[in-house]
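Below: one structure, written as structure tokens.
Chain A is the first sequence line, chain B the second, and so forth, proteins listed ahead of strands; every chain is numbered from 1.
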There are 2 protein chains.
Amino acid sequence: MIPSIEWTKDNKVKMIDQTILPHELKFLIIDDYRDVATAIKVMNVRGAPAIGVAAAMAMALATLEYKNLSKEKFLESMTQAANQIRSTRPTASNLFWAIDRIWKIVNSLYDDPTSISELVIEEIKLMAQEDINVNKSIGKHGAELLDDGDVVHTHCNAGSLATVQYGTALAPIRAAIETGKQISVIADETRPRLQGARLTAYECHYDNIPVKVISDNSSGLLMMLGKINKIIVGTDRVTSDAVFNKIGTYMVALAAKDNNIPFYVAAPTSTLSLHETKEDVTIEQRNAEEVSNVLGKVQITPDGVECLNYAFDITPFRLVTGIITEDGVFTPEELLRKYK
Amino acid sequence: MIPSIEWTKDNKVKMIDQTILPHELKFLIIDDYRDVATAIKVMNVRGAPAIGVAAAMAMALATLEYKNLSKEKFLESMTQAANQIRSTRPTASNLFWAIDRIWKIVNSLYDDPTSISELVIEEIKLMAQEDINVNKSIGKHGAELLDDGDVVHTHCNAGSLATVQYGTALAPIRAAIETGKQISVIADETRPRLQGARLTAYECHYDNIPVKVISDNSSGLLMMLGKINKIIVGTDRVTSDAVFNKIGTYMVALAAKDNNIPFYVAAPTSTLSLHETKEDVTIEQRNAEEVSNVLGKVQITPDGVECLNYAFDITPFRLVTGIITEDGVFTPEELLRKYK
């Protein structure tokens with residue numbers, strides 16, 4: 001398990017370039033917040049928790065760049081930086097949560113811009129460590145849901161690569177295996193960006209967790225044939241009525257319901273946005289070429305045919321068996337009672 | 001609309017090579033039944049009705065090859081040929097239906113092998129014409145289900161390319177457009193072989209039917225957002241309790257049910273196998289490389305990770321609104337009453 005994103009000793013952001021996995025493991029070293037924003041946008045780094053930490057680190061780079069400005073200019077520049085980072089991707093809660101968290105420090109201390117960098121850098125290191133701690137807690141609570149021999153299906157990648165380390169949806173699997181249970185994973189490929197085939201398969205294989213890959217449209221049949229025991233997915237945002245996660249999650253949840261298979265969502269509390277309902281959320285629509293041209297290498301559609309590329313979908317609470325946070329496992333009703 | 005498969009004047013099989021669409025339109029000219037069997041297996045020709053006609057044409061080539069043999073040797077060779085053709089793909093009813101239909105002629109007339117070829121060739125020409133007639137009837141009945149302005153979602157390709165011509169699932173769309181209705185199509189890409197992105201998109205675009213392509217995991221969201229009005233899919237086999245069709249059909253049907261969207265299956269009576277239940281059917285598992293390596297051009301999984309590749313799935317009758325045959329539109333219960 002390699003950290004997907006780190007703050008280096010010489011104040012740079014080091015991240016795995018997830019666009020070229022699984023064939024190459026390369027790191028990007030970034031010292032300009034604008035380049036971190038681009039990395040979020042083009043998905044060098046992805047996964048709601050990792051996006052949050054990346055956004056906070058981008059804010060830290062901006063404070064370094066602007067710390068010698070006057071108080072007024074500093075705040076103006078930081079506002080611009082925050083807006084640019086905020087505009088990279090619209091759906092994941094963590095992006096906004098992380099920027100707001102850093103903004104509180106920026107805002108409370110703007111009488112002395114020079115000292116802010118140090119405080120912000122302390123904060124992002126704390127956030128990165130918190131992320132790992134939260135994931136370990138999700139793992140501990142979620143592992144209790146898994147039985148020896150379970151085959152767990154997951155969609156997209158909510159593993160170590162989607163977080164700083166350890167993962168959210170993969171955390172219960174990791175933790176169950178650490179306690180000696182035999183668990184194997186079925187990863188669907190997760191078109192169009194193939195995070196399941198590329199990233200979940202990569203990190204499971206890397207960490208010796210047995211994994212098989214299927215096309216997205218196969219999980220229903222496998223559930224019907226009794227080849228999947230449980231489902232755990234991550235989430236980009238949980239509203240008071242639904243779970244937003246990678247496109248396809250809703251169809252997996254429907255198949256789980258139809259086959260009486262438990263459907264769990266691993267959700268750090270940083271993804272909870274319970275003051276909102278599903279109507280409040282913008283679903284990102286990405287470039288149609290991600291669909292028409294697989295990984296930019298094979299065009300699969302005829303010239304001139306339009307593609308639609310919604311990046312997330314909406315899974316209503318009625319399809320969710322349980323939500324695993326760092327505090328425990330909750331039904332949607334219990335989650336609302338506890339956190340709303 | 002180009003015929004996907006034809007019998008030529010000089011007694012050869014001419015078929016579109018569907019593995020290289022949509023980028024190239026090329027024809028294969030085949031004069032050996034073994035090569036037709038291979039073409040079925042590697043999916044140069046695919047789609048249940050087209051597979052049926054291809055199998056019958058392969059039988060016709062075999063009669064030409066063996067017609068000068070003694071009665072005994074002829075029957076022995078034809079049995080071998082039939083077995084080889086029958087073993088190409090296990091799920092589509094039409095393959096077995098077509099071979100059995102030709103076998104009746106072979107068997108009833110084996111006192112005179114030399115005359116059999118002519119009779120079999122007459123029969124396959126009839127079958128090809130029947131296929132077109134059946135599809136036009138499906139179109140006529142199915143068109144009545146469609147309203148002006150409908151956006152119809154289809155999975156895989158059950159169009160002209162899956163039949164001799166005109167298609168099954170696409171037939172109602174073609175027929176509705178012929179009567180002046182505005183109908184557009186949402187085609188999902190249909191991993192792993194991408195028949196939706198490559199073939200449905202190609203033939204709709206070719207015939208000026210408005211079409212957009214989505215990833216397989218997107219149709220649920222589009223239904224939830226009200227962007228799909230009806231669903232029509234084809235089928236490879238209908239048993240007394242379920243519809244067998246391309247992997248992913250079941251998950252589309254679940255999403256349709258959850259969103260109260262009518263889910264129709266276009267099924268020529270040659271696909272009906274109502275004496276069977278779903279337990280009787282073998283679901284083809286194809287080479288895992290079709291999943292791990294997109295169109296043989298881009299490897300998407302890490303080396304050493306296994307993939308599963310089930311080619312079809314099972315949609316229980318409870319999810320099916322109506323089945324469109326050449327005789328009309330029937331609920332599953334009505335279908336059983338009429339044909340069982």
key: Presence of salt bridge, A/Asp258 and B/Arg318, under 4.0 angstrom   =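 Result for this pair is yes, salt bridge flagged.
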task = Would you check if there is a donor-acceptor pair between the side chains of A/Tyr202 and A/Asn157 at a distance under 3.5 Å?
result =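 No pair is found: no donor N or O on one side chain lies under 3.5 Å from an acceptor on the other.
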message = Can you see whether B/Ser273 engages B/Glu276 through a side-chain donor-acceptor pair at a distance of less than 3.5 angstrom?
response =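 Yes - a donor-acceptor pair under 3.5 Å links their side chains.
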Most heavy-atom pairs under 4.5 angstrom with chain A, which of [options]?
options                               : answer
B/Ser292, B/Ala288, B/Ala201          : B/Ala201
B/Val294, B/Asp188, B/Leu222          : B/Leu222
B/Ile247, B/Asp216, B/Asp313, B/Leu21 : B/Ile247

If I measure from the heavy atoms of chain B, does [X] come under 4.5 Å with its side chain, its backbone, both, or neither?
X        : answer
A/Ile186 : side chain
A/Met251 : both
A/Glu306 : both
A/Ile314 : both
A/Leu225 : side chain
A/Gln299 : both
A/Leu308 : both
A/Asn309 : neither
A/Pro210 : neither

Mind ranking [options] by heavy-atom pairs under 4.5 Å with chain B and telling me who comes out on top?
options                                : result
A/Glu290, A/Met223, A/His155, A/His205 : A/His205
A/Pro192, A/Ser219, A/Gly220           : A/Gly220
A/Ile300, A/Leu295, A/Val291           : A/Ile300
A/Val298, A/Thr190, A/Val252, A/Leu319 : A/Val298
A/Thr315, A/Leu194, A/Val305           : A/Val305

request  = Mind listing the closest non-hydrogen atom pair of B/Arg191 and A/Asn217 along with its distance?
outcome  =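 Heavy atoms only, the tightest pair is O-ND2, 3.0 Å.
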inquiry  = Which heavy atom of B/Arg174 sits nearest to which heavy atom of B/Tyr166, and what is that distance?
reply    =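 Scanning both residues, the minimum pair turns out to be NE-O, 3.1 Å.
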Counting only non-hydrogen atoms closer than 4.5 Å, does [X] touch chain A with its backbone (N, CA, C, O), its side chain (CB onward), both, or neither?
X        : value
B/Leu199 : neither
B/Lys227 : side chain
B/Leu254 : both
B/Asp303 : backbone
B/Thr249 : neither

query = What distance do A/Ser240 atom OG and A/Phe317 atom CZ have between them, rounded to the nearest 0.5 Å?
reply =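 Reported value, rounded in 0.5 Å steps: 6.5 Å.
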So [Y] and [X], do their side chains get closer than 4.5 Å, heavy atoms only?
X        : Y        : value
B/Ile2   : B/Phe27  : yes
A/Thr321 : A/Lys257 : no
A/Arg193 : A/Thr19  : yes

query = B/Phe312 ring centre to B/Lys246 NZ or CZ under 6.0 Å, with the angle to the axis within 45°?
reply =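 Verdict for B/Phe312: a cation-pi partner in B/Lys246.
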request  = Under the salt bridge (Lys or Arg N to Asp or Glu O under 4.0 Å) rule, what do A/Glu284 and A/Arg286 come out as? Steps first, then yes or no, please.
outcome  = CA-CA 6 Å; A/Glu284 181 181 7; A/Arg286 296 182 60 84; 2.8 Å; yes
task = Apply salt bridge (Lys or Arg N to Asp or Glu O under 4.0 Å) to A/Lys230 and A/Asp150, showing your working.
result = CA-CA 7 Å; A/Lys230 271 144 205 167; A/Asp150 270 353; 2.7 Å; yes
key: With B/Ile20, the side chain to side chain contact (heavy atoms under 4.5 Å, CB included) member among B/Gln18, B/His23, B/Glu24   =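 Answer after filtering B/Gln18, B/His23, B/Glu24: B/Glu24.
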